[in-house]
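The structure appears right after this line, and notes come after that.
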Number of protein chains: 2
Amino acid sequence: MADALFPAPLNEVKAELFKSLGHPVRIRVLELLSASPTVSVAEMLAATGLEASHLSQHLAVLRRQNLVIADRRGSQVFYTLAQPAVADLLKSARKLLVDILQANQLNLQQSVADATSRGAE
Amino acid sequence: MADALFPAPLNEVKAELFKSLGHPVRIRVLELLSASPTVSVAEMLAATGLEASHLSQHLAVLRRQNLVIADRRGSQVFYTLAQPAVADLLKSARKLLVDILQANQLNLQQSVADATSRGAE
DNA sequence: TTATGGCTTGATGGAAACATAAAGTCATCA
DNA sequence: TGATGACTTTATGTTTCCATCAAGCCATAA
């Protein structure tokens with residue numbers, strides 16, 4: 001498709017990728033798919049408690065970005081991650097969040113220590 | 001259950017992180033900071049050609065998310081990545097994009113091959 | 001003190017994303 | 001065949017994001 005043949009500047013492609021990950025429902029779906037390789041829409045509905053059309057909208061976003069693959073078997077639809085690297089990216093994000101949280105806690109402790117050592121304000 | 005491993009609140013935090021990366025200008029800034037540890041606003045303006053206020057808005061987003069740190073020295077402001085893991089995340093995203101592009105090209109080739117082998121339509 | 005340079009913040013109209021509901025598709029069952 | 005179940009797509013009002021411009025710091029120079 002034209003998307004693949006005429007890619008936008010790399011920064012925009014990358015931004016689009018991140019944008020497509022910028023919603024809690026879509027993160028949840030990708031986490032489910034990271035935990036078990038194939039998940040049906042019915043299972044996702046059960047796991048998330050969402051309304052079908054709502055979930056489906058978000059699945060469409062992930063499909064358009066080629067992050068997941070849909071496979072219809074009979075009347076059910078099964079999803080898988082299009083690439084293992086999707087799970088790696090989520091893992092990378094998780095690590096970053098941990099690092100940020102730790103740094104913030106250290107900063108907080110440091111601020112308290114500083115304030116204490118020169119008399120609280 | 002996946003619930004225990006990936007609690008819902010964390011998904012929202014993660015989504016916020018990705019959302020903050022979902023803009024070409026912010027990606028560009030983070031890549032500049034990945035390439036050289038400290039970059040002044042003046043240098044970013046030169047590198048991007050943006051209007052000062054526009055860049056500043058995006059820097060504010062990155063600061064709020066604790067992805068970058070601002071350090072004022074005299075009248076200039078210097079930025080650094082708040083965590084090395086930010087650069088790792090970008091690298092991870094780059095790899096994913098490459099994988100996706102390669103998969104799409106393979107699919108395209110396969111489609112062409114299939115069509116050819118049964119007579120083009 | 002006023003002025004200037006370097007950035008940030010606030011305000012605003014327009015574009016994109018979101019949640020919900022209605023309608024549509026496709027496969028299976030009666 | 002018609003009906004039902006499992007999803008997806010379309011349509012909608014609402015919220016959020018974005019680019020632009022005006023105004024507001026803060027530090028240095030005059």
Side-chain angles (χ1 to χ4, degrees), chain A residues 1 3 8-9 11-30 32-33 38-82, chain B residues 8-9 11-30 32-33 38-82:
Chain A
M1 47 188 76
D3 292 26
N11 280 342
E12 289 181 21
V13 175
K14 237 176 277 183
E16 285 305 309
L17 168 62
F18 284 123
K19 213 185 290 182
S20 73
L21 298 174
H23 191 289
V25 169
R26 297 196 290 267
I27 294 292
R28 188 84 219 285
V29 167
L30 293 178
L32 287 173
L33 290 171
T38 299
V39 181
S40 69
V41 173
E43 287 169 326
M44 293 184 197
L45 287 173
T48 62
L50 292 171
E51 196 193 347
S53 72
H54 194 190
L55 173 61
S56 202
Q57 300 262 28
H58 289 292
L59 288 173
V61 172
L62 297 176
R63 282 199 312 273
R64 263 177 250 130
Q65 275 299 311
N66 295 298
L67 293 174
V68 300
I69 294 175
D71 177 24
R72 157 160 258 144
R73 297 180 212 158
S75 64
Q76 289 195 232
V77 178
F78 294 84
Y79 279 84
T80 59
L81 292 184
Chain B
N11 282 343
E12 289 179 23
V13 174
K14 237 178 275 183
E16 285 304 310
L17 168 62
F18 284 123
K19 213 185 291 183
S20 73
L21 298 174
H23 192 288
V25 169
R26 299 196 289 267
I27 294 291
R28 186 82 220 286
V29 166
L30 293 179
L32 287 172
L33 290 171
T38 299
V39 181
S40 69
V41 173
E43 288 169 324
M44 293 184 197
L45 287 173
T48 61
L50 291 172
E51 196 194 347
S53 71
H54 192 188
L55 174 61
S56 202
Q57 301 263 24
H58 288 292
L59 288 173
V61 172
L62 296 176
R63 282 200 311 274
R64 262 178 249 131
Q65 203 63 36
N66 295 299
L67 294 174
V68 301
I69 294 174
D71 176 24
R72 157 161 259 144
R73 297 181 211 158
S75 62
Q76 292 196 214
V77 178
F78 294 84
Y79 280 84
T80 59
L81 292 184

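The sequence lines fix the lettering, A, B, ..., with proteins before strands; numbering per chain opens at 1. This one's a predicted model, so the numbers in the text were calculated from it and none came from an experiment.
Shown here are the side chain to side chain contact (heavy atoms under 4.5 Å, CB included) partners of Thr80(B), two or more places apart in sequence or in another chain: Thr38(B), Ile69(B). Remark: Thr48(B) engages no residue in a side-chain hydrogen bond (donor to acceptor under 3.5 Å, both in side chains) (not counting sequence neighbours). Not counting sequence neighbours, the partners of Ser40(B) by the side-chain hydrogen bond (donor to acceptor under 3.5 Å, both in side chains) test are Glu43(B). The side-chain hydrogen bond (donor to acceptor under 3.5 Å, both in side chains) search around Gln76(B) returns none, not counting sequence neighbours. Applying the side-chain hydrogen bond (donor to acceptor under 3.5 Å, both in side chains) test to Gln57(B) and every residue at least two apart in sequence or in another chain returns nothing. Listed by chain and number, the residues in a side chain to side chain contact (heavy atoms under 4.5 Å, CB included) with Ser20(A) are Leu17(A), Val61(A), Gln65(A), Leu67(A) (sequence neighbours excluded). Take Ala15(A) and apply the side chain to side chain contact (heavy atoms under 4.5 Å, CB included) test, not counting sequence neighbours, and it matches Pro24(B), Ile27(B). Residues forming a ring pair (Phe, Tyr, Trp, His ring centres under 6.0 Å) with His58(B) (at least two apart in sequence, or on another chain): His23(B), His54(B).
Along DNA chain C, the stretch of nucleotides lying under 4.0 Å from any heavy atom of chain A spans, 5' to 3', dA17(C) to dT28(C).
Here the shortest heavy-atom pairing between Leu32(B) and Val39(B) reads O-CG2, 3.9 Å.
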Contacts under 3.5 Å, N or O only, protein and nucleotides 28-30 of chain D:
none

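Tyr79(A) comes within 4.0 angstrom of sugar-phosphate atoms only, judged by non-hydrogen atoms across all strands, and of no base.
Applying the salt bridge (Lys or Arg N to Asp or Glu O under 4.0 Å) rule to pairs touching residues 59-74 of chain B yields Asp71(B)-Arg73(B), sequence neighbours excluded.
If you measure from atom CG of Leu55(A) to atom C1' of dT8(D), you get 11 Å, rounded to the nearest angstrom.
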Next on the checklist: For a quick check, with a 4.0 angstrom heavy-atom cut-off, what is the B/S/- contact string for nucleotides 16-21 of chain D, read 5' to 3'?
Outcome noted: -SSSBB
